[in-house]
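Take a look at the structure set out below.
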Amino acid sequence: MLVLEDVHVYYGAIHALKGISFQVNQGEIVTLIGSNGAGKSTSLKTISGLLRPKQGKMTFNGEDLGSIPPQNVVAKGISQVPEGRRVFANMTVMENLDMGAFLRKDKSGIKKDVERVFELFPRLKERKSQVAGTLSGGEQQMLAMGRALMSKPQLMLLDEPSMGLAPILVKQIFDIIKEINAQGTTILLVEQNAHMALSVANRAYVLETGKIVLGGEAKELAASEEVRKAYLGG
Amino acid sequence: MGHILQQFSQQAVNGLSLGSIYALIALGYTMVYGIVKLINFAHGDVMMVGAYLGWIATTQLHWSFLPALFFAMVVSAILGMLIERIAYKPLRNASRIAALITAIGVSLFLEYGGMLLVTAQVQTYPPVFPETVYNVAGIMFKYGDVVMLVTSVVLMFLLHFTVQYTKVGKSMRAVSFDKDAALLMGVNVNNTISATFAIGSALAGAAGVLMGVYFNTIDPLMGIIPGLKAFVAAVLGGIGIIPGAMVGGLVLGLTEAFVSGLGASTWRDAVAFLILILVLIIKPTGLFGKNVREKV
Ligand SMILES: Nc1ncnc2c1ncn2[C@@H]1O[C@H](COP(=O)(O)OP(=O)(O)OP(=O)(O)O)[C@@H](O)[C@H]1O
Ligand SMILES: [Mg+2]
(Lines give C-alpha, C1' and ligand atoms only; values in the text may rest on other atoms or scores of the structure.)
(Ligands and ions follow the chains in the order given, each with its own letter.)
Protein backbone atom coordinates (compact mmCIF):
# COMPACT_ATOMS: atom_id res chain seq x y z
CA MET A 1 0.00 0.00 0.00
CA LEU A 2 2.67 2.49 1.09
CA VAL A 3 6.17 1.97 -0.23
CA LEU A 4 9.26 4.08 0.47
CA GLU A 5 12.44 3.36 -1.45
CA ASP A 6 15.76 4.96 -0.57
CA VAL A 7 14.18 8.21 0.63
CA HIS A 8 16.54 11.04 1.55
CA VAL A 9 15.32 14.16 3.34
CA TYR A 10 17.28 17.24 4.35
CA TYR A 11 16.66 20.22 6.60
CA GLY A 12 18.96 22.67 4.88
CA ALA A 13 22.35 21.03 5.31
CA ILE A 14 21.15 18.50 7.89
CA HIS A 15 20.72 15.06 6.36
CA ALA A 16 17.78 13.80 8.45
CA LEU A 17 16.75 10.70 6.48
CA LYS A 18 19.63 8.88 4.87
CA GLY A 19 17.93 6.62 2.39
CA ILE A 20 15.15 4.81 4.21
CA SER A 21 13.07 2.07 2.65
CA PHE A 22 10.07 0.35 4.14
CA GLN A 23 6.57 -0.63 3.30
CA VAL A 24 3.16 -0.86 4.88
CA ASN A 25 0.64 -3.39 3.58
CA GLN A 26 -3.10 -3.01 3.60
CA GLY A 27 -4.67 -3.90 6.94
CA GLU A 28 -1.45 -3.91 8.94
CA ILE A 29 -0.28 -2.05 11.97
CA VAL A 30 3.33 -1.18 11.31
CA THR A 31 5.46 0.64 13.83
CA LEU A 32 8.57 2.71 13.40
CA ILE A 33 10.52 2.89 16.64
CA GLY A 34 13.61 4.86 17.50
CA SER A 35 14.99 7.28 20.03
CA ASN A 36 14.96 11.07 20.03
CA GLY A 37 16.09 12.60 16.79
CA ALA A 38 16.13 9.32 14.86
CA GLY A 39 13.96 10.78 12.12
CA LYS A 40 10.57 9.31 12.97
CA SER A 41 8.59 12.55 12.71
CA THR A 42 10.58 13.51 9.64
CA SER A 43 9.45 10.27 7.96
CA LEU A 44 5.79 10.95 8.67
CA LYS A 45 6.04 14.59 7.59
CA THR A 46 7.60 13.47 4.34
CA ILE A 47 4.83 10.96 3.67
CA SER A 48 2.23 13.68 4.36
CA GLY A 49 3.94 16.05 1.93
CA LEU A 50 5.05 18.64 4.51
CA LEU A 51 8.62 17.82 3.55
CA ARG A 52 9.96 16.85 0.14
CA PRO A 53 12.37 13.99 -0.38
CA LYS A 54 15.50 15.07 -2.19
CA GLN A 55 16.01 11.62 -3.53
CA GLY A 56 14.11 8.34 -3.55
CA LYS A 57 10.65 7.10 -4.36
CA MET A 58 7.40 7.08 -2.41
CA THR A 59 4.22 5.49 -3.66
CA PHE A 60 0.77 4.92 -2.24
CA ASN A 61 -1.37 2.27 -3.93
CA GLY A 62 1.11 2.47 -6.78
CA GLU A 63 0.69 6.23 -7.27
CA ASP A 64 3.58 8.64 -6.83
CA LEU A 65 3.54 10.48 -3.52
CA GLY A 66 6.84 12.35 -3.55
CA SER A 67 5.81 15.41 -5.48
CA ILE A 68 2.21 16.14 -4.56
CA PRO A 69 1.05 18.84 -2.11
CA PRO A 70 -0.27 17.88 1.35
CA GLN A 71 -3.91 18.41 0.42
CA ASN A 72 -3.62 15.81 -2.34
CA VAL A 73 -2.03 13.35 0.08
CA VAL A 74 -5.05 13.72 2.34
CA ALA A 75 -7.33 13.32 -0.66
CA LYS A 76 -5.59 10.07 -1.58
CA GLY A 77 -6.50 8.65 1.83
CA ILE A 78 -3.57 9.31 4.15
CA SER A 79 -4.13 11.30 7.31
CA GLN A 80 -1.80 12.10 10.15
CA VAL A 81 -2.10 12.56 13.89
CA PRO A 82 0.93 14.79 14.42
CA GLU A 83 3.35 14.76 17.31
CA GLY A 84 2.07 16.91 20.15
CA ARG A 85 -1.56 16.57 18.92
CA ARG A 86 -1.66 20.00 17.26
CA VAL A 87 -5.41 20.37 17.74
CA PHE A 88 -6.86 23.77 16.87
CA ALA A 89 -6.95 25.05 20.43
CA ASN A 90 -9.09 28.07 19.53
CA MET A 91 -11.83 25.94 17.97
CA THR A 92 -14.39 23.70 19.61
CA VAL A 93 -14.20 19.91 19.54
CA MET A 94 -16.88 19.86 16.87
CA GLU A 95 -15.10 22.45 14.73
CA ASN A 96 -11.90 20.43 15.00
CA LEU A 97 -13.71 17.36 13.71
CA ASP A 98 -15.15 19.45 10.88
CA MET A 99 -11.63 20.52 9.98
CA GLY A 100 -10.72 16.86 9.73
CA ALA A 101 -13.43 16.46 7.12
CA PHE A 102 -12.23 19.56 5.28
CA LEU A 103 -11.96 17.97 1.84
CA ARG A 104 -15.18 16.00 2.06
CA LYS A 105 -18.52 17.08 0.64
CA ASP A 106 -20.76 14.15 1.59
CA LYS A 107 -22.70 15.73 4.45
CA SER A 108 -24.46 12.55 5.54
CA GLY A 109 -21.23 10.55 5.43
CA ILE A 110 -19.53 13.19 7.57
CA LYS A 111 -22.34 13.00 10.08
CA LYS A 112 -21.98 9.24 10.27
CA ASP A 113 -18.27 9.53 10.85
CA VAL A 114 -18.78 12.06 13.63
CA GLU A 115 -20.97 9.43 15.30
CA ARG A 116 -18.28 6.83 14.75
CA VAL A 117 -15.67 9.08 16.36
CA PHE A 118 -17.98 9.68 19.31
CA GLU A 119 -18.43 5.94 19.70
CA LEU A 120 -14.69 5.42 19.81
CA PHE A 121 -14.19 8.41 22.12
CA PRO A 122 -17.33 8.99 24.23
CA ARG A 123 -15.43 11.67 26.13
CA LEU A 124 -15.36 13.83 23.04
CA LYS A 125 -19.11 13.64 22.70
CA GLU A 126 -19.58 15.04 26.20
CA ARG A 127 -17.26 17.88 25.31
CA LYS A 128 -18.27 18.60 21.76
CA SER A 129 -18.90 22.32 22.27
CA GLN A 130 -15.88 22.79 24.50
CA VAL A 131 -12.91 24.76 23.15
CA ALA A 132 -10.14 22.30 22.36
CA GLY A 133 -7.48 24.31 24.19
CA THR A 134 -9.20 23.55 27.49
CA LEU A 135 -9.16 19.77 27.02
CA SER A 136 -6.74 17.60 29.00
CA GLY A 137 -3.73 16.13 27.24
CA GLY A 138 -5.41 12.76 26.86
CA GLU A 139 -8.58 14.30 25.50
CA GLN A 140 -6.55 16.33 23.02
CA GLN A 141 -4.91 13.12 21.84
CA MET A 142 -8.37 11.60 21.35
CA LEU A 143 -9.48 14.67 19.47
CA ALA A 144 -6.41 14.61 17.23
CA MET A 145 -7.14 10.97 16.41
CA GLY A 146 -10.83 11.62 15.86
CA ARG A 147 -9.99 14.56 13.62
CA ALA A 148 -7.66 12.40 11.54
CA LEU A 149 -10.39 9.76 11.17
CA MET A 150 -12.78 12.37 9.81
CA SER A 151 -11.03 12.35 6.43
CA LYS A 152 -11.92 8.66 6.16
CA PRO A 153 -8.32 7.59 5.70
CA GLN A 154 -7.16 4.29 4.29
CA LEU A 155 -3.87 4.82 6.08
CA MET A 156 -3.50 6.66 9.36
CA LEU A 157 -0.11 7.94 10.49
CA LEU A 158 0.28 8.33 14.25
CA ASP A 159 3.23 10.23 15.71
CA GLU A 160 3.89 9.30 19.35
CA PRO A 161 0.32 9.05 20.57
CA SER A 162 1.54 7.98 24.01
CA MET A 163 3.62 11.09 24.60
CA GLY A 164 2.99 12.66 27.99
CA LEU A 165 0.08 10.39 28.93
CA ALA A 166 -0.44 8.37 32.10
CA PRO A 167 0.08 4.60 31.63
CA ILE A 168 -3.60 3.78 31.96
CA LEU A 169 -4.47 6.29 29.25
CA VAL A 170 -1.69 4.97 27.04
CA LYS A 171 -3.24 1.53 27.28
CA GLN A 172 -6.65 2.96 26.40
CA ILE A 173 -5.27 4.84 23.39
CA PHE A 174 -3.51 1.75 22.10
CA ASP A 175 -6.68 -0.31 22.49
CA ILE A 176 -8.46 2.25 20.36
CA ILE A 177 -5.68 2.13 17.77
CA LYS A 178 -6.25 -1.62 17.53
CA GLU A 179 -9.99 -1.03 17.23
CA ILE A 180 -9.52 1.52 14.43
CA ASN A 181 -7.31 -1.00 12.66
CA ALA A 182 -9.88 -3.74 13.13
CA GLN A 183 -12.47 -1.47 11.52
CA GLY A 184 -10.34 -1.42 8.38
CA THR A 185 -7.82 1.41 8.62
CA THR A 186 -4.17 0.59 8.05
CA ILE A 187 -1.88 2.11 10.67
CA LEU A 188 1.67 3.41 10.62
CA LEU A 189 2.65 4.12 14.19
CA VAL A 190 5.71 6.05 15.31
CA GLU A 191 6.73 5.55 18.92
CA GLN A 192 9.46 5.96 21.49
CA ASN A 193 7.43 3.71 23.76
CA ALA A 194 8.73 0.60 22.00
CA HIS A 195 7.15 -1.78 24.44
CA MET A 196 3.59 -0.61 23.75
CA ALA A 197 4.20 -0.16 20.05
CA LEU A 198 5.61 -3.66 19.57
CA SER A 199 2.73 -5.16 21.52
CA VAL A 200 0.09 -3.87 19.08
CA ALA A 201 2.00 -3.94 15.79
CA ASN A 202 2.21 -6.70 13.21
CA ARG A 203 5.55 -5.54 11.89
CA ALA A 204 8.18 -3.07 13.02
CA TYR A 205 11.18 -1.12 11.82
CA VAL A 206 13.91 0.37 13.95
CA LEU A 207 15.20 3.79 12.95
CA GLU A 208 18.56 5.10 14.12
CA THR A 209 19.94 8.50 13.08
CA GLY A 210 18.11 8.57 9.78
CA LYS A 211 18.64 4.93 8.81
CA ILE A 212 16.57 1.82 9.19
CA VAL A 213 18.74 -0.66 11.04
CA LEU A 214 16.29 -3.48 11.71
CA GLY A 215 12.94 -4.68 10.46
CA GLY A 216 10.67 -7.65 10.87
CA GLU A 217 7.75 -9.19 12.71
CA ALA A 218 6.94 -7.16 15.83
CA LYS A 219 7.05 -10.26 18.01
CA GLU A 220 10.46 -11.26 16.75
CA LEU A 221 11.86 -7.79 17.24
CA ALA A 222 10.45 -7.62 20.73
CA ALA A 223 12.31 -10.82 21.53
CA SER A 224 15.58 -9.86 19.89
CA GLU A 225 18.55 -9.09 22.07
CA GLU A 226 19.42 -5.85 20.24
CA VAL A 227 16.01 -4.29 20.54
CA ARG A 228 15.59 -5.34 24.14
CA LYS A 229 18.87 -3.75 25.11
CA ALA A 230 18.37 -0.52 23.25
CA TYR A 231 14.63 0.09 23.49
CA LEU A 232 13.02 -2.11 26.07
CA GLY A 233 15.30 -1.42 28.98
CA GLY A 234 17.16 -4.76 28.93
CA MET B 1 -25.99 69.85 32.22
CA GLY B 2 -28.29 68.97 29.36
CA HIS B 3 -25.95 70.82 27.09
CA ILE B 4 -22.95 68.79 28.23
CA LEU B 5 -24.82 65.55 27.73
CA GLN B 6 -25.80 66.64 24.27
CA GLN B 7 -22.21 67.57 23.46
CA PHE B 8 -21.07 64.23 24.76
CA SER B 9 -23.54 62.29 22.63
CA GLN B 10 -22.63 64.34 19.59
CA GLN B 11 -18.97 63.48 20.01
CA ALA B 12 -19.89 59.85 20.55
CA VAL B 13 -21.68 59.84 17.18
CA ASN B 14 -18.69 61.45 15.46
CA GLY B 15 -16.33 59.09 17.20
CA LEU B 16 -18.28 56.02 16.18
CA SER B 17 -18.35 57.09 12.53
CA LEU B 18 -14.63 57.71 12.39
CA GLY B 19 -13.91 54.71 14.58
CA SER B 20 -15.83 52.37 12.32
CA ILE B 21 -13.58 53.41 9.43
CA TYR B 22 -10.49 52.77 11.53
CA ALA B 23 -11.97 49.42 12.47
CA LEU B 24 -12.46 48.45 8.81
CA ILE B 25 -8.83 49.22 8.05
CA ALA B 26 -7.59 47.63 11.27
CA LEU B 27 -9.36 44.37 10.34
CA GLY B 28 -7.17 43.94 7.28
CA TYR B 29 -4.02 44.59 9.28
CA THR B 30 -4.99 42.11 11.92
CA MET B 31 -6.17 39.37 9.55
CA VAL B 32 -3.01 39.53 7.48
CA TYR B 33 -0.86 39.59 10.59
CA GLY B 34 -2.80 36.66 11.99
CA ILE B 35 -2.12 34.51 8.97
CA VAL B 36 1.36 35.47 7.74
CA LYS B 37 2.74 37.38 10.76
CA LEU B 38 3.46 40.37 8.56
CA ILE B 39 2.65 44.00 9.33
CA ASN B 40 1.42 44.97 5.89
CA PHE B 41 2.50 48.59 5.79
CA ALA B 42 0.98 48.98 2.35
CA HIS B 43 -2.48 48.39 3.79
CA GLY B 44 -3.26 52.08 4.31
CA ASP B 45 -2.30 52.69 0.70
CA VAL B 46 -4.71 50.04 -0.50
CA MET B 47 -7.32 52.09 1.31
CA MET B 48 -6.14 55.14 -0.65
CA VAL B 49 -6.51 53.21 -3.91
CA GLY B 50 -10.01 52.28 -2.78
CA ALA B 51 -10.78 55.95 -2.22
CA TYR B 52 -9.66 56.77 -5.77
CA LEU B 53 -11.63 53.87 -7.20
CA GLY B 54 -14.73 55.20 -5.46
CA TRP B 55 -13.95 58.68 -6.71
CA ILE B 56 -13.56 57.46 -10.31
CA ALA B 57 -16.78 55.48 -10.04
CA THR B 58 -18.78 58.42 -8.71
CA THR B 59 -17.30 61.31 -10.70
CA GLN B 60 -16.27 59.72 -14.00
CA LEU B 61 -18.74 56.88 -14.25
CA HIS B 62 -21.50 58.70 -12.33
CA TRP B 63 -22.34 55.65 -10.28
CA SER B 64 -24.17 55.94 -7.02
CA PHE B 65 -22.73 55.00 -3.64
CA LEU B 66 -23.38 51.26 -3.47
CA PRO B 67 -22.08 50.29 -6.91
CA ALA B 68 -19.07 52.55 -6.33
CA LEU B 69 -18.42 50.88 -2.99
CA PHE B 70 -18.71 47.45 -4.54
CA PHE B 71 -16.41 48.38 -7.41
CA ALA B 72 -13.79 49.76 -5.01
CA MET B 73 -13.95 46.64 -2.87
CA VAL B 74 -13.58 44.21 -5.77
CA VAL B 75 -10.67 46.02 -7.39
CA SER B 76 -8.95 46.52 -4.02
CA ALA B 77 -9.34 42.80 -3.32
CA ILE B 78 -7.60 41.99 -6.60
CA LEU B 79 -4.88 44.52 -5.82
CA GLY B 80 -4.34 42.95 -2.39
CA MET B 81 -4.01 39.47 -3.88
CA LEU B 82 -1.56 40.71 -6.50
CA ILE B 83 0.56 42.45 -3.85
CA GLU B 84 0.71 39.23 -1.87
CA ARG B 85 1.56 37.04 -4.84
CA ILE B 86 4.16 39.35 -6.33
CA ALA B 87 5.80 40.97 -3.31
CA TYR B 88 5.24 38.86 -0.21
CA LYS B 89 4.86 35.25 -1.30
CA PRO B 90 8.44 34.89 -2.56
CA LEU B 91 9.59 36.05 0.89
CA ARG B 92 7.40 33.76 2.94
CA ASN B 93 10.34 31.82 4.30
CA ALA B 94 12.70 34.80 4.44
CA SER B 95 13.41 36.79 7.58
CA ARG B 96 10.62 38.94 8.93
CA ILE B 97 12.60 42.11 8.46
CA ALA B 98 12.93 41.40 4.73
CA ALA B 99 9.16 41.10 4.40
CA LEU B 100 8.65 44.25 6.47
CA ILE B 101 11.00 46.27 4.29
CA THR B 102 9.24 44.92 1.22
CA ALA B 103 5.93 46.06 2.69
CA ILE B 104 7.33 49.57 3.12
CA GLY B 105 8.53 49.37 -0.49
CA VAL B 106 5.07 48.39 -1.71
CA SER B 107 3.62 51.25 0.32
CA LEU B 108 5.94 53.80 -1.29
CA PHE B 109 5.27 52.27 -4.70
CA LEU B 110 1.52 52.74 -4.30
CA GLU B 111 1.88 56.28 -2.93
CA TYR B 112 4.24 57.62 -5.57
CA GLY B 113 3.00 55.40 -8.37
CA GLY B 114 -0.40 56.81 -7.49
CA MET B 115 0.96 60.34 -7.80
CA LEU B 116 2.26 59.60 -11.28
CA LEU B 117 -1.09 58.26 -12.29
CA VAL B 118 -3.49 60.77 -10.73
CA THR B 119 -1.08 63.64 -9.79
CA ALA B 120 -0.44 64.81 -6.24
CA GLN B 121 -3.36 67.19 -6.51
CA VAL B 122 -6.14 66.90 -3.96
CA GLN B 123 -9.40 65.67 -5.47
CA THR B 124 -12.82 66.43 -4.15
CA TYR B 125 -15.40 63.75 -3.56
CA PRO B 126 -18.77 64.61 -4.99
CA PRO B 127 -21.65 64.91 -2.53
CA VAL B 128 -22.67 61.27 -2.64
CA PHE B 129 -25.38 61.67 -0.04
CA PRO B 130 -28.10 64.22 0.45
CA GLU B 131 -27.28 66.93 2.98
CA THR B 132 -30.08 65.76 5.23
CA VAL B 133 -29.37 66.12 8.93
CA TYR B 134 -31.47 64.28 11.45
CA ASN B 135 -31.94 65.94 14.79
CA VAL B 136 -32.60 63.36 17.46
CA ALA B 137 -32.95 64.99 20.86
CA GLY B 138 -30.46 67.66 19.92
CA ILE B 139 -27.89 65.25 18.51
CA MET B 140 -27.14 65.78 14.85
CA PHE B 141 -26.93 62.76 12.60
CA LYS B 142 -25.82 63.52 9.10
CA TYR B 143 -27.30 61.20 6.50
CA GLY B 144 -23.75 60.30 5.48
CA ASP B 145 -22.76 59.38 9.05
CA VAL B 146 -25.66 56.99 9.27
CA VAL B 147 -24.86 55.32 5.95
CA MET B 148 -21.24 55.04 7.00
CA LEU B 149 -22.02 53.42 10.30
CA VAL B 150 -24.51 51.06 8.72
CA THR B 151 -22.06 50.14 5.96
CA SER B 152 -19.30 49.40 8.45
CA VAL B 153 -21.53 47.36 10.69
CA VAL B 154 -22.88 45.34 7.77
CA LEU B 155 -19.37 44.66 6.48
CA MET B 156 -18.16 43.62 9.91
CA PHE B 157 -21.12 41.34 10.31
CA LEU B 158 -20.42 39.78 6.91
CA LEU B 159 -16.81 39.30 7.91
CA HIS B 160 -17.76 37.70 11.18
CA PHE B 161 -20.10 35.33 9.39
CA THR B 162 -17.46 34.48 6.79
CA VAL B 163 -14.78 33.79 9.35
CA GLN B 164 -16.97 31.76 11.68
CA TYR B 165 -19.12 29.72 9.36
CA THR B 166 -17.73 29.42 5.85
CA LYS B 167 -15.12 27.05 4.57
CA VAL B 168 -12.71 29.82 3.66
CA GLY B 169 -13.18 31.34 7.12
CA LYS B 170 -12.44 28.06 8.82
CA SER B 171 -9.32 27.62 6.71
CA MET B 172 -8.24 31.12 7.68
CA ARG B 173 -8.62 30.37 11.36
CA ALA B 174 -6.87 27.04 11.01
CA VAL B 175 -3.92 28.44 9.05
CA SER B 176 -3.55 31.37 11.48
CA PHE B 177 -3.46 29.00 14.38
CA ASP B 178 -1.20 26.27 13.01
CA LYS B 179 -0.15 26.21 9.40
CA ASP B 180 1.21 22.67 9.37
CA ALA B 181 -1.81 21.25 11.14
CA ALA B 182 -4.01 23.02 8.57
CA LEU B 183 -1.98 21.45 5.76
CA LEU B 184 -2.56 18.03 7.32
CA MET B 185 -6.32 18.66 7.12
CA GLY B 186 -6.00 19.27 3.39
CA VAL B 187 -6.28 23.06 3.55
CA ASN B 188 -4.69 24.83 0.60
CA VAL B 189 -2.57 27.35 2.47
CA ASN B 190 -1.64 29.48 -0.55
CA ASN B 191 -5.25 30.00 -1.52
CA THR B 192 -6.18 30.73 2.07
CA ILE B 193 -3.52 33.42 2.33
CA SER B 194 -4.71 34.92 -0.97
CA ALA B 195 -8.27 34.97 0.31
CA THR B 196 -7.18 36.70 3.48
CA PHE B 197 -5.43 39.43 1.53
CA ALA B 198 -8.46 39.76 -0.73
CA ILE B 199 -10.92 40.14 2.13
CA GLY B 200 -8.68 42.50 4.12
CA SER B 201 -8.05 44.65 1.05
CA ALA B 202 -11.73 44.74 0.13
CA LEU B 203 -12.49 46.12 3.59
CA ALA B 204 -9.70 48.67 3.17
CA GLY B 205 -11.16 49.65 -0.21
CA ALA B 206 -14.55 50.16 1.41
CA ALA B 207 -12.92 52.22 4.15
CA GLY B 208 -11.29 54.35 1.45
CA VAL B 209 -14.61 55.20 -0.12
CA LEU B 210 -16.08 56.04 3.30
CA MET B 211 -13.03 58.13 4.07
CA GLY B 212 -13.55 60.10 0.86
CA VAL B 213 -17.18 60.62 1.73
CA TYR B 214 -16.34 61.64 5.30
CA PHE B 215 -13.50 64.07 4.64
CA ASN B 216 -14.52 65.06 1.08
CA THR B 217 -10.95 65.27 -0.16
CA ILE B 218 -8.55 62.56 -1.23
CA ASP B 219 -4.90 62.52 -2.26
CA PRO B 220 -2.27 59.84 -2.90
CA LEU B 221 -0.75 60.19 0.58
CA MET B 222 -4.08 60.05 2.39
CA GLY B 223 -3.47 56.43 3.45
CA ILE B 224 -0.47 57.09 5.67
CA ILE B 225 -2.02 58.55 8.81
CA PRO B 226 -5.24 56.48 8.88
CA GLY B 227 -3.10 53.43 8.10
CA LEU B 228 -0.93 54.17 11.09
CA LYS B 229 -3.94 54.75 13.30
CA ALA B 230 -5.60 51.57 12.15
CA PHE B 231 -2.38 49.79 12.98
CA VAL B 232 -2.57 51.31 16.45
CA ALA B 233 -6.18 50.15 16.67
CA ALA B 234 -5.20 46.61 15.68
CA VAL B 235 -2.42 46.47 18.27
CA LEU B 236 -4.70 48.03 20.85
CA GLY B 237 -7.26 45.28 20.38
CA GLY B 238 -4.62 42.58 20.14
CA ILE B 239 -2.97 42.04 16.78
CA GLY B 240 -4.29 38.99 14.98
CA ILE B 241 -7.61 39.06 16.82
CA ILE B 242 -10.60 40.09 14.72
CA PRO B 243 -12.99 41.41 17.40
CA GLY B 244 -9.98 43.21 18.88
CA ALA B 245 -9.53 45.20 15.68
CA MET B 246 -13.19 46.21 15.66
CA VAL B 247 -13.12 47.37 19.27
CA GLY B 248 -9.67 48.96 18.90
CA GLY B 249 -10.92 51.02 15.97
CA LEU B 250 -13.98 52.21 17.81
CA VAL B 251 -12.00 53.06 20.96
CA LEU B 252 -9.56 55.06 18.89
CA GLY B 253 -12.31 56.92 17.03
CA LEU B 254 -14.16 57.75 20.22
CA THR B 255 -11.00 58.93 21.95
CA GLU B 256 -10.18 61.24 19.10
CA ALA B 257 -13.67 62.66 19.03
CA PHE B 258 -13.79 63.30 22.77
CA VAL B 259 -10.36 64.86 22.90
CA SER B 260 -11.32 67.12 19.99
CA GLY B 261 -14.63 67.85 21.69
CA LEU B 262 -12.78 69.11 24.73
CA GLY B 263 -11.17 71.67 22.47
CA ALA B 264 -7.81 69.92 22.42
CA SER B 265 -7.86 68.60 18.89
CA THR B 266 -4.12 69.13 18.49
CA TRP B 267 -3.71 66.58 21.27
CA ARG B 268 -5.93 63.90 19.88
CA ASP B 269 -3.20 61.86 18.19
CA ALA B 270 -0.99 62.14 21.25
CA VAL B 271 -3.82 60.86 23.42
CA ALA B 272 -4.49 57.98 21.02
CA PHE B 273 -0.88 56.88 21.21
CA LEU B 274 -0.80 57.41 24.96
CA ILE B 275 -3.70 54.99 25.33
CA LEU B 276 -1.85 52.52 23.16
CA ILE B 277 1.22 52.78 25.34
CA LEU B 278 -0.79 52.38 28.53
CA VAL B 279 -2.66 49.36 27.23
CA LEU B 280 0.55 47.74 26.10
CA ILE B 281 2.19 48.33 29.47
CA ILE B 282 -0.72 46.86 31.37
CA LYS B 283 -1.63 44.16 28.85
CA PRO B 284 1.08 43.65 26.24
CA THR B 285 -1.08 41.34 24.13
CA GLY B 286 -3.71 44.07 23.66
CA LEU B 287 -7.25 44.36 24.99
CA PHE B 288 -8.42 41.03 23.57
CA GLY B 289 -5.09 39.23 23.65
CA LYS B 290 -4.88 35.99 25.53
CA ASN B 291 -1.76 34.24 26.65
CA VAL B 292 -2.83 30.80 25.48
CA ARG B 293 -0.69 28.14 27.02
CA GLU B 294 -0.51 24.89 25.19
CA LYS B 295 -1.03 21.70 27.04
CA VAL B 296 1.59 19.04 26.58
N1 LIG C 1 12.90 21.91 11.41
C2 LIG C 1 14.10 21.31 11.53
N3 LIG C 1 15.22 21.97 11.17
C4 LIG C 1 16.42 21.37 11.28
N5 LIG C 1 16.61 20.13 11.73
C6 LIG C 1 15.53 19.44 12.10
C7 LIG C 1 14.22 19.99 12.02
N8 LIG C 1 13.35 19.07 12.46
C9 LIG C 1 14.07 18.00 12.79
N10 LIG C 1 15.39 18.20 12.57
C11 LIG C 1 16.48 17.25 12.82
O12 LIG C 1 16.21 16.06 12.10
C13 LIG C 1 16.51 14.93 12.87
C14 LIG C 1 15.29 14.03 12.98
O15 LIG C 1 14.26 14.71 13.69
P16 LIG C 1 12.82 14.10 13.96
O17 LIG C 1 11.98 15.17 14.51
O18 LIG C 1 12.36 13.41 12.76
O19 LIG C 1 13.16 13.05 15.11
P20 LIG C 1 12.17 12.08 15.88
O21 LIG C 1 12.67 10.71 15.61
O22 LIG C 1 10.77 12.38 15.56
O23 LIG C 1 12.50 12.46 17.39
P24 LIG C 1 11.53 12.58 18.66
O25 LIG C 1 11.34 11.21 19.18
O26 LIG C 1 12.31 13.41 19.61
O27 LIG C 1 10.25 13.21 18.22
C28 LIG C 1 17.00 15.45 14.22
O29 LIG C 1 18.41 15.39 14.22
C30 LIG C 1 16.53 16.87 14.27
O31 LIG C 1 17.44 17.66 14.98
MG1 LIG D 1 9.24 13.14 16.62
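Each chain gets a letter, A, B and so on, in the order its sequence line appears, and its residues count up from 1.
Screening P69(A), S48(A), P70(A) against L183(B) for a side chain to side chain contact (heavy atoms under 4.5 Å, CB included) leaves a single residue, P70(A).
For K18(A), the NZ atom counts as densely surrounded, since its 6.0 Å shell holds more than 12 non-hydrogen atoms of other residues, nucleotides or ligands. In this structure, F157(B) places its CZ atom where only 12 or fewer heavy-atom neighbours from other residues, nucleotides or ligands lie under 6.0 Å away. Within 6.0 Å of NZ on K37(B) lie more than 12 heavy atoms contributed by other residues, nucleotides or ligands. Counted within 6.0 Å of NZ on K283(B), heavy atoms from surrounding residues, nucleotides or ligands total more than 12; the atom is thus considered enclosed. Within a 6.0 Å radius of CZ in F273(B), other residues, nucleotides and ligands contribute more than 12 heavy atoms. Open room surrounds CZ on F70(B); 12 or fewer heavy atoms of other groups in view lie less than 6.0 Å from it.
When Q80(A), M99(A), R147(A) are compared by the number of non-hydrogen pairs under 4.5 Å with chain B, M99(A) comes out ahead. Between chain B and the options L165(A), I78(A), V74(A), heavy-atom pairs under 4.5 Å are most frequent for V74(A).
Residue V73(A) does not touch chain B at all, counting heavy-atom pairs closer than 4.5 Å.
Q71(A) contributes atom CD, which lies 8.0 Å from atom CG of N191(B) (distance to the nearest 0.5 angstrom). Expressed to the nearest 0.5 Å, how far CZ of F102(A) lies from CG of L184(B) amounts to 13.0 Å.
Within the structure, salt bridge (charged side-chain N to carboxylate O under 4.0 Å, His left out) pairs that include any residue of residues 88-103 of chain A comprise E95(A)-R173(B), D98(A)-K170(B) (at least two apart or interchain).
Between R86(A) and A181(B) the shortest heavy-atom distance is O-CB, 3.7 Å. Taking all atoms of both residues into account, the shortest heavy-atom contact from M185(B) to F88(A) is CG-CE1, 3.9 Å.
Within the 4.5 Å cutoff, the side chain of F177(B) has no heavy atoms near those of the M91(A) side chain. With a 4.5 Å cut-off on side-chain heavy atoms, P82(A) and D180(B) do not count as touching.
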